[in-house]
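Everything below concerns the one structure shown next.
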Amino acid sequence: MIGGPQGSGVDSSANVFARACTLGGLFAFGKREYYSNIMGMHSYFQVRVNSNQIRSHNDRVDILTTFDTETVVRHSHEVVKGGAIIYDKELKDTNISEIPTLEKEVSRDLKTKLNKTGMDYSVYGLLENAKKSGVKLYPIPYSNLLKDVGDEIKEVKLSRIARIVNVMAVSASLSLLKFPEHLLHESISRIFGRKPKIIETNIIAAKKATKYVQDTFPSRPNSPLRVIKTKEPRIYLQGDQAVAMGKLLGGCRFQSYYPITPASDESVYMENHQLVKLDTDLLSECHDIKKGMKKGIGSALVMQAEDEIAAVNMAIGAGLAGARASTSTSGPGFSLMVEGLGWSGMNEVPLVVTLYQRGGPSTGLPTRTEQGDLQFALHASHGEFPRIVLASGDHEEAYYDAARAFNYAEKYQLPVIHLIDKALANSSATFPLFADRIHIDRGRIVSEKEIAKLNKEKVTYKRFSFTEAGVSPRVVLGTRGTTFWNTGDEHDEEGHISEDPENRTRMMEKRMGKMTLASKEIPYEERISSYGTGRSKICVISWGSIKGAILDAMEILKGEGEDIDFIHIRMLKPFASKHFLDLVNMKRTKVCIEMNYSGQLASYLRSECGIVMDHQIVKFNGRAMSCDEIVSSLKKLCKGTAPKRMVLTHGT
Amino acid sequence: MIGGPQGSGVDSSANVFARACTLGGLFAFGKREYYSNIMGMHSYFQVRVNSNQIRSHNDRVDILTTFDTETVVRHSHEVVKGGAIIYDKELKDTNISEIPTLEKEVSRDLKTKLNKTGMDYSVYGLLENAKKSGVKLYPIPYSNLLKDVGDEIKEVKLSRIARIVNVMAVSASLSLLKFPEHLLHESISRIFGRKPKIIETNIIAAKKATKYVQDTFPSRPNSPLRVIKTKEPRIYLQGDQAVAMGKLLGGCRFQSYYPITPASDESVYMENHQLVKLDTDLLSECHDIKKGMKKGIGSALVMQAEDEIAAVNMAIGAGLAGARASTSTSGPGFSLMVEGLGWSGMNEVPLVVTLYQRGGPSTGLPTRTEQGDLQFALHASHGEFPRIVLASGDHEEAYYDAARAFNYAEKYQLPVIHLIDKALANSSATFPLFADRIHIDRGRIVSEKEIAKLNKEKVTYKRFSFTEAGVSPRVVLGTRGTTFWNTGDEHDEEGHISEDPENRTRMMEKRMGKMTLASKEIPYEERISSYGTGRSKICVISWGSIKGAILDAMEILKGEGEDIDFIHIRMLKPFASKHFLDLVNMKRTKVCIEMNYSGQLASYLRSECGIVMDHQIVKFNGRAMSCDEIVSSLKKLCKGTAPKRMVLTHGT
Amino acid sequence: MALKLSDYKTPVHNDWCPGCGDFGILNAIQMTLADMSLDPSSVALFSGVGCSSKMPHYVNTYGIHTLHGRGLPFAIGAKLANPNLEVIAVGGDGDGFGIGAGHFVNTGRRNLNFTYIIHDNGVYGLTKGQASPTLKRGLKPKSLSVPNPNESINPITLALASGYTFIGRGYAYEVKHLKDLIRRGIEHKGSAFIDILQPCPTYNDINTKEWYGGEDRIDHDTGNRRPRVYHLEDEKYDPIVKPPGKPSELNKKISQAVSKSFEWGDKIPIGVFYQNETIETYEARITQRLPTYMEIPPALQPICTPSGKPLTLLTDIFDELSAT
Amino acid sequence: MALKLSDYKTPVHNDWCPGCGDFGILNAIQMTLADMSLDPSSVALFSGVGCSSKMPHYVNTYGIHTLHGRGLPFAIGAKLANPNLEVIAVGGDGDGFGIGAGHFVNTGRRNLNFTYIIHDNGVYGLTKGQASPTLKRGLKPKSLSVPNPNESINPITLALASGYTFIGRGYAYEVKHLKDLIRRGIEHKGSAFIDILQPCPTYNDINTKEWYGGEDRIDHDTGNRRPRVYHLEDEKYDPIVKPPGKPSELNKKISQAVSKSFEWGDKIPIGVFYQNETIETYEARITQRLPTYMEIPPALQPICTPSGKPLTLLTDIFDELSAT
Ligand SMILES: Cc1ncc(C[n+]2csc(CCOP(=O)(O)OP(=O)(O)O)c2C)c(N)n1
Ligand SMILES: Cc1ncc(C[n+]2csc(CCOP(=O)(O)OP(=O)(O)O)c2C)c(N)n1
Ligand code: SF4
Ligand code: SF4
Ligand SMILES: [Mg+2]
Ligand SMILES: [Mg+2]
């Protein structure tokens, strides 16, 4: 774990660590926690690495890498026996009560803790306490090292390079682990990309820190980290990046957004990759390619709107014009989008809304995680219209779901809500390169040629025609030779306002009928995944990013002889009831795990197929579930000592 | 039934009819249907009268009162054998295809119908057809009569008094029924209130029409309507008026709104009654009464906002300042309010939102009815916070619920959503005067005196204190001697932003815990009503304004020897599961009746208490269910020939 | 084949009240389209919700009747996705200046090449005549139970403050003048805003056709009515910001427009208040980032082969993220 | 007991970035309150969401931190319910002119007696520095990956078009001047709007303290910096509309304010641009309908007896509806 004040570069140094490990053939998983603040509040990054794929964080800290007081104060007690704390040599005597950003609750708890062990309420006391419980202490003289770097690069104003303290801290941690230095340097080079000056300074800093550790702590224990040689191409990426990539792959060419945490990172990332490389070989398979395209560069327009109401309605407008269009937001923004959502449902306009869930209600916990928007997403907007609701479990799913969402939206001409949670959006992980090519299905779009043919035959094209197939073929705005009308009011086949009761009944049936169609056509593999033997006594049911922690927990429990089955719901609506019932197998103990207060998935499953959970594990303190927490609650379940409702509370 | 173009005064003439009957000791029920249009489109009013209380419309027309072609065209086939059609003598030869406002679907159906009977596609054909099936025809020479009136009141420009044709039509219908003329005149006087000139003209018109009918059709059959003498004070009122009255009674003193059909009528009505009479006797029981109050006049401020976002947030602001505050809207407006709703939930500000449901989704059917917003109301806004959801079944319930909503909101410091449907809002009915005085409970408001005492004791007042009782006593803005803070973010007891995980868990539990408290404290009588013996084989479950039609249907079925039980859900959330389960008694046939496509109540009941409906009766064509429709579907149920899902489609 | 006025009409029954000013605006729009011979399939007419917003159903082009106050974002989304579309947005004054005011202001900032028309009738027509943001304070049209307590906004100055580069005002009963004004708006390179004085005979019994026409102001000598509405053109008013649009020139043209915009009552100017083509359109600004934007905008880019293979290559991104 | 500056402070940790202009504004507000000796319990400070909107937590008055863009309607609701409250609303430029622009415009129309302060930093601070509606077109502060494609709005003219009757601009680092400005705003009878130039050192590296202070513009002769910001007062600028506010006077004062509002770059005026007390407040307008409004506004009316019996009598309504 590495921590420090917001804005001091904790993220990139955690990134340096994780990338270095990935370069060494390991898998990494990184989780970021931060306040809703720009500068100064405490943030930290937990990175786990392993030779096999790793998907979640846990509750133990092996190495606590720090360069400020607050991180030591907040996290030293989490370090396990045999673990290490890296800290600034000069901070040892700081008074804790001088840290203005520490909540009174935290101070109070610390005081009690230290009192019990008879230690002083000071950094010194905390460190001594850690030492007593078997933690090794590694003080680093950051300011001296910083001065050395300054001397070497001839920078007098040390404040200008103060940020490299971060990299020194990380380098110290890697050298504690005796990790190959060249991988660290390679990692730095990659992360600071096209800025040679910065790369150089950081590598100098890294070297100084490494050398200091090697010189000062020669007898540090052997490292559990072994570099592995692998030929598998891998990427290390964040959840929101996976979504942006999936969208681009799926053909999204218009994204409107209004800034909001944690959704806007995705849009900013897309904007930074707005020029889209095209496969020129495949391009030659297409007809009527415009000259501009032939250069092999497409583009995605990312549009910052004046608010979320504008954002969603712009995306709908773009969808009407024929672009694959989406918008991304979080709870407060989504609350403003629901009127637009209903319009797109009524007018059968393809639309993808990516909803990054964070702690609610209201502005809630803007930078913390939760899965509190499920029921809202399922029922958002007045009246009834079809919609598809997806939720991804990890980066890879997020990537494919983001791409496929457009297929669903266009094929069934409806809004698709794609749920992500902050824990997934802001966590990073190593994955084998996403190699599957997806298939793009744009649904029935009537071309100008077809319109010309209809016109010749004197057949009037009707946007909302009642058809056998259940979906009315659509044209996009600007298609020559025809026109159509849209209205939020109930309408006839041409799209003009109609209050006729018979037409109303048919139109409602036509629109809602698309849910049945979608449910029939979309394969189960895209909707529900199951893990485990399918024969265990306990069946865990969950959704969203908890998937990783559950899978990791299952592995741990398996190691301890406990088999657990796991059903992960990826498409919430239309819900594959029958398939789910087949999987769940009524006679076992069913436990639903989710990150909200009221057990929204559990309640939804009950209304959809009558399944009642035997147990519920919930958490709503804004901190993601760790695999350790899940392990310990599932153990209780195995032992039969678990209450019906378990509320998890770990996290800082 | 009386019909005519929108804007021609159909409403007031239907009102004249119903009030006249009520003055004659009868009960009336009136239902209004109209297009989303200002002038010209067809609207009609159905009025039923009876010696016992009557609560719904039915599918038969006894007297069709018309003065334009379109009404004859649209409704003549609905008139029953032995019924009557009043129409303009001059219109008989009009060509139907010249009516621009007639939907093609309606024309098509009419043509087929007339073709089958071998009649012409003309008004003449329709009338002849009606005659053949036993309907009596009463042509009225409106323009001659109008001229007579013009002569009498010395008005040359007949177009200025054209609207009185309406009253002539209604007068004709009442004289067909041999109804006492003076009651008609009394009714006219009351309805045109303080405008003596208009009253006079209308009475002259009424007299002319009455005389014409008496002279021309001396042999008209005897009337089934008998005037009854009663001492019971009664009122004839519309649903939205009942809500406005309930609010005023309950102490609502601030209402913000943005115009929308059918909600804004309530606000306009409130604005017209913004000066509130007070009980001066009771006033003397109060302490510290300001001089202004002593005059016995209070006032309710009705504020037209720039949009619904402003409307809801203004109401919250007013609530913070200590006023009982509410806002009223319909689906599209409610969709814009959900962000504010979450804020009030998070900050525990009492708020009442009255949601008038209309046909959805999107702008849908703005002037037609539906119950499509239940699930949305239950889950509106991101994240989780407590809320209370009510739905009234009739005018009387609407009145008391509107008043009580403020008690719930203030006692539990949360938003209350009060659902009304358009059918209830726009229907009128006779009721015995609402005589029950309600009790007002403002919850725990800390006074300035109490604050002074706390200050003396050096105890800091904390707005969000954790208390035994589960609700934190609140102060209102401006309370001397203290301050507090609010934020949409998670906060500590004082109301300052807090991201501490432990505080978060406690605050969530405190807020959500209020639902348990409310559920424990609010009596069952205010939440679920049951009708019938409780022992019948069939148990109907429903909500909202269908109540009236079901009760009327039960009476009819009882007359035919079929006993039906009926459970009406009035408080949706917190849902009284245990009480409901006791009432529903598992072994009977359960049928849920509601006005939406997907059976939202049924699905909610399943998620709340696992009850699965054996049958569902739904309707979503925008027209309220008639008691006849319910009778015939319940009959099928009794016979065992009913399918699992019945879709009702009656209505024009 | 030349297009006729009738080519821009639909057979849909028009349910506006008799005598409504909206008819004049509808005619002017159809005449403009015919005048410019625009292919109906190349035009997309957006509207919000209100009486005026029923307009698209009566015009034979793509017609998108959206949500109350939201015509602009829908229109902008479509225009951005396909800048080849001729995009026109219409709506009521409640729609545009009340619930939609935030979009009004922020749309001006972009200078996208499209036209926005507001039917300014002082009331919320479709919801039965409540005061709209342009109704003057203290007036009490017959539909209000108390005099309007809100100051009216000034649409012209609001548009100036928001950055619209073409700002005009028309009058619903001067259809020919209106047609020319709308045409100039459509032809303008940038965001054009046109405020149209539109009598609502049903609810606004103050700002009526008779009032605008000055029927209460009879010239003593001639016995003629003296209309309140007059043409800026007749005063040799020059609205055009001369290139290159120097600050002094800008300041002059803006100030005169503001001054004119506060005229009301006895003299109500109509015509073009301000036009500035020295400011780059949004399309041009985008093209700086995305050079092929005009030729292959979002809506016109193929994204897959006919058999559904995606054209997008993520190789560059994969390289950036590569960790092996 | 006189109130001290410290009485308006809270012990809450302030988490703004070091050097943020918000500190100056916070100080000015606290100084104003102390200057006016306002009872903390009589003041309600509303805000939206953003860095600037954290303000209420640092001020010891009633502090209502609401939703992004919605500070105004909350504030107005409270003020209407109890006009005795001293209501101040603050927020960011994104908050007020972006997502909240519709409320900004429509609030001006009412002229309610309260004060609205916008922290104008050109960026969306709390969401990491995206362009806000006041950032000039073409600028590229370090947080943007492409130059800002949107025209900036003109807050002063926008406020004029919307009807605010007091319009001023302050600068975050001239705290004393700012304090006086805010005090004048609070004391003004009607809706006061104050735009405050607020450097955001973290994201806006263009409109910095140094830039406003003219540190790049050194006078050749004296070697002094030549600040961009100057005081309207120093130019003997007279913002006040003289009673009774005749159209000509109004036009003059509005035009000069508009002219001044377009000054930017080398000369940036601060101070009062416009003040008009000839226009009735909203409170006065309500009082015409509800004569006892000021004495027993909605929040101060008892509605029941201590034992919960409702005071309201519906007898008049029952009479109207009576049908027997
Ligand atoms: C969100 C929302 N709120 C309210 C309405 C109801 N509504 C329909 S039209 C309208 C106002 C129309 O006034 P205006 O925009 O001036 O158009 P006009 O009818 O005068 O042409 C309103 C408030 C709605 N459709 N949606
Ligand atoms: C509905 C909604 N959308 C987006 C956000 C995210 N958000 C928080 S602050 C902010 C912008 C802040 O910018 P500004 O108002 O200029 O204030 P500053 O931080 O610059 O003081 C945004 C977009 C939100 N909280 N709510
Ligand atoms: S209400 Fe007014 S604006 Fe609407 S159609 Fe009628 S006249 Fe026109
Ligand atoms: S980001 Fe900018 S506005 Fe926000 S606190 Fe930091 S310096 Fe101030
Ligand atoms: Mg209007
Ligand atoms: Mg800002």
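Below, each value reflects all heavy atoms present in this structure, side chains not excepted, and no hydrogens, waters or symmetry copies. So that the names make sense, note that chain A is the first sequence line, chain B the second, and so on, each numbered from 1.
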Which answer fits [X], side chain, backbone, both or neither, if we ask what part of it has an atom under 4.5 Å from a heavy atom of chain B?
| X | answer |
| --- | --- |
| T652(A) | backbone |
| Q375(A) | both |
| L355(A) | neither |

Residue among E490(B), M346(B), E339(B) satisfying side chain to side chain contact (heavy atoms under 4.5 Å, CB included) with S362(A): M346(B)

Non-hydrogen atoms of chain A under 4.5 Å away: do they reach the side chain of [X], the backbone, both or neither?
| X | answer |
| --- | --- |
| L341(B) | neither |
| D109(B) | side chain |
| E370(B) | side chain |
| R511(B) | side chain |
| Q600(B) | side chain |

Atom [atom1] of [X] and atom [atom2] of [Y]: how far apart are they, to the nearest 0.5 Å?
| X | Y | atom1 | atom2 | result |
| --- | --- | --- | --- | --- |
| L374(A) | E384(B) | CG | CD | 9.5 Å |
| N596(A) | M508(B) | CG | CE | 8.0 Å |
| H382(B) | S330(A) | NE2 | OG | 9.0 Å |
| E499(B) | R368(A) | CD | CZ | 4.5 Å |
| S381(A) | F334(B) | OG | CZ | 10.5 Å |
| T505(B) | L648(A) | OG1 | CG | 10.0 Å |

Ionic contact status for R108(B) with E502(A), cut-off 4.0 Å: yes

Among the listed options S335(B), P332(B), P361(B), G342(B), the residue most often paired with chain A at heavy-atom distances under 4.5 Å: P361(B)

Best-contacting candidate, G488(B), G360(B), G372(B), against chain A by heavy atom pairs under 4.5 angstrom: G488(B)

Side-chain (H379(B)) to main-chain (F376(A)) donor-acceptor, under 3.5 angstrom: no

Check: S607(A) main-chain N/O paired with S607(B) side-chain donor or acceptor under 3.5 Å: no

With sequence neighbours excluded, residues passing side chain to side chain donor-acceptor pair (under 3.5 Å) with K104(B): D492(A)

Proximal to chain B - members of residues 619-626 of chain A, heavy-atom separation under 4.5 Å: F620(A), N621(A), R623(A)

